[in-house]
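Everything on this sheet refers to the single structure shown next.
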Amino acid sequence: MLSSPNEAIVVLDPLLHPFEDLSNNRKYFERRSSIFDHPTSINNDTEKQTTLLAKFLSYFERFSGILYSLLASLLFTCSNFIIQQLDVVLLDVFLVRFVIQGLISFGYILYKGYHPFSSNHHNFLILIRSIIAATGSICFYLGLDLLPLPDLITIRYTQVVWTAILSLIIFRERVTLPTIIASISTLAGVVCVAQPSFLFLKSNVSNETLLTMMQENTKPRFTGMFVALLCAISISLAIILTKKLFEFKIRQSIIMFHFILTTFFLLLFIQTYYWTLLKTNQRKFHIRTLYLTKDFLVATFLATLQLIPMILTQKAIKREHPSIVTVVQASDILFALVLKNVFSRNKSNGLALIGSTLVFISIFIIGGHKFWLDRQKRIRLRAKNESK
């Protein structure tokens with residue numbers, strides 16, 4: 001079992017990194033959940049004088065971490081859903097977004113007086129972590145072009161289970177029953193969402209032309225599934241490496257800046273290849289028709305606004321137990337399903353809904369189990385301190 005105070009990084013997402021460093025915070029195991037821990041009751045005289053508004057504000061403050069997390073998930077999912085509907089080259093949009101995000105991150109580092117390129121023996125590990133995290137981010141953006149948003153987010157959130165499995169391997173943690181159950185649930189969920197043709201293709205399709213079209217349409221879908229799985233596994237590896245970097249006292253804002261810089265250069269390389277050498281590209285590079293359009297400007301604006309969910313996620317982690325935040329953030333799956341089935345012509349079938357539910361259950365199992373372990377740890381620490 002991991003005992004580092006910085007263990008909260010396990011639930012952080014490279015796609016939604018906060019900017020502020022984790023220094024000067026209360027110890028990880030002292031962070032309580034608003035669900036099971038609440039302030040002691042006030043006396044009767046004061047309670048009689050409490051107004052309805054004061055009670056509402058009190059409950060809002062108590063559950064503010066969960067509310068911030070829900071709002072972050074809603075804004076992140078809605079912005080991605082709208083961007084997905086626009087006629088733009090998505091990687092171009094996010095290239096501009098990372099320029100803006102990089103300037104903000106670099107300005108923050110200068111303001112704090114940090115040295116982003118200081119020479120130490122951890123630079124290689126920072127570079128490896130940045131490349132892996134950038135791969136996860138780019139795979140997510142590519143997935144927006146290849147998959148419906150609910151399917152992409154469902155596969156992407158399997159990273160919670162992959163992180164647990166990788167922690168068992170790298171940190172030699174003990175295998176637990178909840179991890180086994182969550183892994184099986186995740187595997188079943190991914191199969192239901194992917195719906196491979198050798199398992200789910202209907203045998204009663206008599207029209208050979210229709211059957212051929214159905215089989216051809218599965219090719220980009222399975223490419224998208226592979227990209228989404230690569231995204232999830234890359235994020236899990238990046239989370240593990242981030243935790244190691246925190247153990248070496250590397251500041252989170254420095255890690256974040258290197259991630260942004262690496263992602264920018266990878267996007268620049270990919271898009272340069274896309275516009276100059278890729279033979280299958282049917283579009284011609286023209287600044288006015290590509291970038292000075294309403295769709296591109298709206299998409300860039302929405303992509304930049306995704307900095308707001310980043311800030312809200314940071315606020316949520318400060319106010320709520322990280323495992324609870326992880327489970328609440330999985331509401332991305334539910335929001336994406338609602339958006340697709342309300343505003344899109346192509347509705348989710350029953351198997352996709354079952355798959356999304358299974359992945360959500362696996363996240364709940366992992367998050368709930370981790371929360372229970374941390375709660376038990378805090379109780380033992382408190383009892384040990386009181387006995388001294």
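The structure presented is a predicted model; accordingly, all values stated were derived computationally and were not measured. If you read the sequence from its start, that first residue is 1, and numbering goes on from there.
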Exercise. Any chain of hydrophobic side-chain contacts (each under 4.5 Å) joining Tyr274 to Val99?
Worked result: yes
Exercise. Quick one: ring pair (Phe, Tyr, Trp, His ring centres under 6.0 Å) partners of Phe257, sequence neighbours excluded?
Worked result: Phe106, Phe117
Exercise. Is a side-chain N or O of Ser185 found less than 3.5 angstrom from the main chain of Leu358, in a donor-acceptor match?
Worked result: yes
For this session: Determine, step by step, whether Phe335 and Leu70 satisfy the side-chain contact (heavy atoms from CB on, under 4.5 Å) criterion, reporting the C-alpha distance in whole Å, the side-chain angles of both residues, the deciding distance to 0.1 Å, and the verdict.
Result: CA-CA 10 Å; Phe335 291 140; Leu70 276 174; 4.3 Å; yes
Exercise. Parallel under 30°, tilted from 30 to 60°, perpendicular over 60°: which one fits the rings of Tyr108 and Tyr111?
Worked result: tilted
Seminar exercise, completed: For Ile126, the side-chain contact (heavy atoms from CB on, under 4.5 Å) test, sequence neighbours excluded, returns Asn123, Ser130, Leu245, Ile250, His258
Problem set entry | Donor-acceptor pair, side chain of Asp295 and main chain of Leu86, under 3.5 angstrom | no
Problem set entry | Side-chain heavy atoms of Arg129 within contact of His122, under 4.5 Å | no
For this session: Verify side-chain contact (heavy atoms from CB on, under 4.5 Å) between Arg251 and Lys112, making sure each step is shown before the conclusion.
Result: CA-CA 11 Å; Arg251 296 184 182 277; Lys112 286 290 187 178; over 6 Å; no
Exercise. Can you check side-chain contact (heavy atoms from CB on, under 4.5 Å) on Ile83 and Gln306, steps first, answer last?
Worked result: CA-CA 11 Å; Ile83 291 172; Gln306 289 182 353; 4.3 Å; yes
Problem set entry | Residues Thr154, Ser356; criterion side chain to side chain donor-acceptor pair (under 3.5 Å); working and verdict | CA-CA 6 Å; Thr154 297; Ser356 298; 3.0 Å; yes
For this session: Taking side-chain hydrogen bond (donor to acceptor under 3.5 Å, both in side chains) as the test, write out the residues that go with Ser69, two or more places apart.
Result: none
For this session: Report yes if the side chains of Val227 and Cys231 come closer than 4.5 Å at any heavy-atom pair, otherwise no.
Result: no
Exercise. Under the 3.5 angstrom rule, does the side chain of Thr77 hit a backbone N or O of Leu74 as a donor-acceptor pair?
Worked result: no
Exercise. What's the shortest heavy-atom distance between Phe259 and Ser137, and which atoms?
Worked result: CZ-OG, 3.2 Å
For this session: Decide yes or no for Trp162 and Leu229: does some side-chain heavy atom of the first lie under 4.5 Å from some side-chain heavy atom of the second?
Result: yes
For this session: Mind checking side-chain hydrogen bond (donor to acceptor under 3.5 Å, both in side chains) for Thr300 and listing every partner two or more places apart, or none if nothing turns up?
Result: none
Problem set entry | Any residue meeting side-chain hydrogen bond (donor to acceptor under 3.5 Å, both in side chains) with Ser236, in chain and number order, not counting sequence neighbours | Thr163
Problem set entry | side-chain hydrogen bond (donor to acceptor under 3.5 Å, both in side chains) against Gln271, all qualifying residues, sequence neighbours excluded | Asp92
Exercise. Ser79 versus Leu305: any side-chain heavy-atom pair under 4.5 Å?
Worked result: no
Exercise. Does the Ser234 side chain pair with the main chain of Leu230, one donor and one acceptor, at a distance under 3.5 Å?
Worked result: yes
